[in-house]
Amino acid sequence: MGPKSVNAKVEIPKSEINKRRLKRPNPRRQPAALGPRLSSFSRTGAAFIDRQPRQLPCFQPLLCLAWTCLCQGGGFNFPPCHILNVSGFHVLFDCPLDLSALTVFSPLPNDFYKAICKENSDSQNRQKVEKPLDANDLIFAEPWYKTVNNLHLWNVSFIDVVLISSPMGMLGLPFLTRMEGFSAKIYITEAAARIGQLMMEELICMNMEYRQFYGAEESSGPQWMKWEELELLPSALRKIALGEDGSELGGWMPLYSAAHVKDCISKVQTLRFGEEACYNGILIIKAFSSGLDIGACNWIISGAKGNIAYISGSNFASGHAMDFDYRAIQGSDLILYSDLSSLDSTEDIDQSSFSDDNNNWEELMNSLSNYDESVEEMEKLAFICSCAIDSVKAGGSVLIPINRVGVFLQLLEQIAIFMECSSLKIPIYIISSVAEELLAYTNTIPEWLCKQRQEKLFSGDPLFAHVKLIKEKKIHVFPAVHSPKLLNLASCFLPTGVCGLVPPFICFDAGVGIITLYLFLRLQKVQPLLKILQPKLVLFPEEWRTHVSFSDVTSFSVSHYSENETIHIPSLKESAELEIAADIASKFQWRMLKQKKLNITRLKGRLFVNHGKHQLLPENEPGGSSQTRPFLHWGSPDPENLLAELSKMGINGSVERCMTDAESEDGFTVKVQDPEKSMIEVRAAVTVISAADKNLASRIVKAMENILEGI
């Protein structure tokens with residue numbers, strides 16, 4: 001058993017929140033330790049007292065955090081990206097791709113399009129004159145992929161930790177891991193890592209089809225990225241390519257390879273919900289379910305200076321993924337809210353009715369659960385299914401691109417039910433190079449699913465209905481649209497190239513119809529949620545300021561952040577705990593400070609940091625012996641008090657003011673006449689005792705010790 005310990009607190013002053021515009025990150029800086037400069041007397045003929053400040057080799061936590069919004073994202077397909085500086089470490093939240101930017105590229109080669117629309121090809125050449133967009137305005141080239149542009153401003157060697165909140169937040173990760181100097185630790189849940197890997201493999205497969213159409217690119221770069229070509233783009237497409245201020249062209253990159261994905265996955269450390277990961281002995285990192293999708297999570301970072309919760313897109317109740325575990329976030333000192341999706345098509349909310357005086361916990365809990373979000377999710381799925389059935393009955397066809405894996409699986413179940421009720425016997429085709437592996441994987445991960453799905457495991461039923469539907473040949477899975485088996489089965493026309501948000505997609509009969517489904521944490525639930533979580537400070541995106549008003553009497557502070565902006569956050573705790581081994585504590589020699597009436601003692605040991613806790617352990621001294629440490633003193637001696645103390649010891653002298661000291665007018669000299677001649681020279685930075693007799697020098701030192709503060 002280790003030695004028992006006691007807790008000590010180090011008081012840290014708070015600083016104000018301030019903001020600055022992001023330019024380029026500064027190199028990592030170590031915090032300066034605070035404290036007076038101490039030195040000891042030497043019991044010889046001359047002794048020195050050094051009163052200048054210096055750094056102490058002692059435990060000193062950081063005074064503040066820094067939060068930088070690199071990109072606010074754009075919904076589930078393009079999650080936000082942030083960097084948090086905590087305890088001297090840079091933590092990157094998510095590394096996504098802006099897949100919506102793929103809309104600037106044509107899904108079909110130019111020649112193929114002209115063959116279909118030959119009668120219009122001559123009149124629809126791209127011009128600089130603005131006109132309604134048509135297919136000829138798109139870029140006919142192998143797609144490049146738009147990364148988080150502001151992330152390129154950072155030196156990747158400064159990034160210490162990467163936290164991935166969802167499979168979509170992982171799609172840009174291979175761009176980062178292949179860069180020279182990248183050595184950060186990457187954490188992601190097991191399910192999100194596997195699903196994200198399959199999505200990246202699907203992107204590579206899809207991109208290979210484009211490469212077959214367009215051939216190898218020029219070594220000088222794609223033609224469409226030349227400025228004269230960009231100027232010809234319609235304003236809507238030019239805005240996507242260049243951004244609002246024309247600075248985002250540098251964020252476009254050709255897609256990574258399968259080797260890059262393999263290397264990226266090898267650098268990832270997977271976690272289960274609630275599992276602890278300790279980084280560098282200082283930060284404790286945990287993932288908890290966000291309810292948004294299978295494996296999607298929120299993060300908690302714990303350290304000596306408090307607990308920080310990062311809330312991404314979340315869903316209180318899901319029909320597939322484990323519910324939003326908001327209780328795990330309860331008691332966090334700081335909440336970083338990153339998601340903007342709650343603002344979509346939502347009215348402004350006045351949260352003042354939930355004041356700090358509202359302590360009815362039952363009412364608060366009911367406000368979170370009185371509307372089952374899974375019901376709305378099922379209603380939207382039912383609407384999609386009814387539209388699909390109506391289209392098929394009318395002789396049409398349906399093509400549905402899917403982004404959230406859990407929604408995709410639910411949609412399969414609902415479509416099968418609707419077709420059975422409508423007495424329709426139409427095959428459902430799932431077309432994706434990874435669909436077969438994805439469907440098999442999702443039926444083996446009950447621990448990542450909602451309770452309703454987990455209960456099916458105990459009853460012997462498959463977790464999702466697609467297992468049964470595939471056996472009954474109601475669902476057919478194919479790796480590509482040109483699969484021979486698919487061509488033999490399908491009597492419908494299927495496009496030869498697809499450029500959607502995220503595969504897989506499902507198709508039954510022919511034609512195209514696209515419906516998008518999103519569901520996130522509602523604004524109405526934010527205030528009761530925060531009342532339960534009881535944080536000290538909450539950071540919201542700036543866009544929330546005009547949509548949500550909080551009561552002035554709430555128990556937490558609210559601040560807002562904008563893209564490309566860094567916010568400095570004061571220390572979350574006024575003090576930090578230090579565990580001191582009992583062997584050290586038993587040797588304390590307390591001394592009362594005269595001015596502050598405070599007991600103080602010296603410590604000596606080895607500072608050890610483990611699992612976010614700071615411990616002071618005994619030093620391993622050779623031979624089991626310890627040397628007596630000299631006293632440390634500080635301050636400037638008062639001449640009158642010094643003469644009085646010397647007089648008590650039978651030492652008489654006189655004071656002479658030293659006006660030649662250019663540094664300070666407080667310097668003086670004490671000339672001792674009795675019992676022997678000696679001199680005490682006091683200056684701004686040093687005190688010198690000159691005496692021929694060592695015994696006399698020691699008595700003078702003792703007099704100085706009696707009038708100065710020291711330990």
Side-chain angles (χ1 to χ4, degrees), residues 166-167 189-195 198 270-275 286-298 313-330 362 365-366 368-385 402-421 428 430 435-472 474-475 477 506 517 519-522 525 529 532:
S166 68
T189 65
E190 292 179 4
R194 186 65 187 125
I195 294 173
L198 293 174
T270 59
L271 300 173
R272 295 180 177 272
F273 288 145
E275 180 182 355
K286 295 181 183 180
F288 294 95
S289 176
S290 66
L292 184 62
D293 201 6
I294 299 174
C297 68
N298 297 316
S314 300
N315 189 355
F316 274 98
S318 171
H320 50 88
M322 187 176 292
D323 294 345
F324 173 27
D325 188 3
Y326 61 89
R327 291 179 177 85
I329 307 174
Q330 190 170 3
E362 183 177 354
M365 295 295 291
N366 290 336
L368 297 180
S369 58
N370 59 6
Y371 187 90
D372 190 354
E373 294 174 352
S374 63
V375 173
E376 181 181 0
E377 192 172 72
M378 296 305 296
E379 289 175 351
K380 289 185 176 182
L381 289 174
F383 174 75
I384 294 175
C385 294
I402 298 297
N403 46 28
R404 294 167 61 193
V405 173
V407 173
F408 160 56
L409 299 177
Q410 286 183 277
L411 186 59
L412 288 178
E413 296 175 334
Q414 292 299 309
I415 288 177
I417 293 174
F418 269 74
M419 288 197 302
E420 185 176 349
C421 294
I428 300 175
I430 302 176
E436 185 175 356
E437 189 173 356
L438 177 66
L439 293 175
Y441 176 73
T442 53
N443 200 51
T444 62
I445 50 172
E447 67 273 22
W448 300 97
L449 305 179
C450 61
K451 291 182 178 179
Q452 297 89 329
R453 300 284 174 180
Q454 292 179 1
E455 290 174 355
K456 291 187 176 183
L457 178 67
F458 301 105
S459 62
D461 297 328
L463 301 177
F464 292 96
H466 63 261
V467 176
K468 179 181 178 182
L469 296 173
I470 292 175
K471 289 182 178 179
E472 295 174 350
K474 295 180 179 179
I475 291 180
V477 182
I506 58 176
L517 176 63
L519 194 64
F520 295 91
L521 179 61
R522 289 178 165 271
K525 297 189 176 183
L529 172 63
I532 291 176

* Inspect the contact between Glu275 and Lys286 and indicate whether a charged nitrogen and a carboxylate oxygen are less than 4.0 angstrom apart. =>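 No, this pair does not count.
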* Any Lys/Arg nitrogen of Lys474 or Glu413 sitting under 4.0 Å from an Asp/Glu carboxylate oxygen of the other? -> no
* Taking atom CD of Glu420 as the centre, report whether more than 12 heavy atoms of other residues, nucleotides or ligands fall under 6.0 Å from it. =>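 It does not: Glu420 CD has 12 such atoms or fewer within range.
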Might you point out which heavy atoms bring [X] and [Y] nearest each other, and give the distance in Å?
X: Thr444; Y: Leu463; value: N-CD1, 4.2 Å
X: Ala287; Y: Cys297; value: CB-SG, 3.9 Å
X: Leu381; Y: Gln410; value: CD1-CB, 3.5 Å
X: Thr442; Y: Val405; value: CG2-CG1, 4.1 Å
X: Ser318; Y: Asp323; value: N-OD1, 3.2 Å
X: Phe324; Y: Leu529; value: CE2-CD2, 4.0 Å

* Under the side-chain contact (heavy atoms from CB on, under 4.5 Å) rule, what do Cys385 and Gln414 come out as? Steps first, then yes or no, please. => CA-CA 7 Å; Cys385 294; Gln414 292 299 309; 3.5 Å; yes
Going from [atom1] on [X] to [atom2] on [Y], what distance comes out if it is rounded to the nearest 0.5 angstrom?
X: Ile294; Y: His320; atom1: CD1; atom2: NE2; answer: 6.5 Å
X: Asn315; Y: Ser290; atom1: CG; atom2: OG; answer: 8.0 Å
X: Lys456; Y: Asp461; atom1: NZ; atom2: CG; answer: 7.0 Å
X: Arg453; Y: Leu409; atom1: CZ; atom2: CG; answer: 7.5 Å
X: Ser459; Y: Gln454; atom1: OG; atom2: CD; answer: 12.0 Å
X: Glu455; Y: Leu457; atom1: CD; atom2: CG; answer: 10.5 Å

* To do: Go through the steps to decide whether Leu439 and Val477 satisfy the test side-chain contact (heavy atoms from CB on, under 4.5 Å), and finish with yes or no.
  => CA-CA 10 Å; Leu439 293 175; Val477 182; 3.8 Å; yes
* To do: Determine whether the aromatic ring centres of Phe288 and Phe273 lie less than 6.0 Å apart.
  =>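 No, the ring of Phe288 stays outside the 6.0 Å limit from the ring of Phe273, centre to centre.
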Check whether any side-chain heavy atom of [X] sits under 4.5 Å from a side-chain heavy atom of [Y], and report yes or no.
X: Met322; Y: Leu449; result: no
X: Ile428; Y: Met419; result: yes
X: Thr270; Y: Thr189; result: no

* To do: Please assess Ile384 against Ile415 for the test side-chain contact (heavy atoms from CB on, under 4.5 Å), listing each intermediate value before the final yes or no.
  => CA-CA 9 Å; Ile384 294 175; Ile415 288 177; 5.9 Å; no
* Asked: Tyr326 and Asn298: side-chain contact (heavy atoms from CB on, under 4.5 Å), yes or no, with the steps?
  -> CA-CA 9 Å; Tyr326 61 89; Asn298 297 316; over 6 Å; no
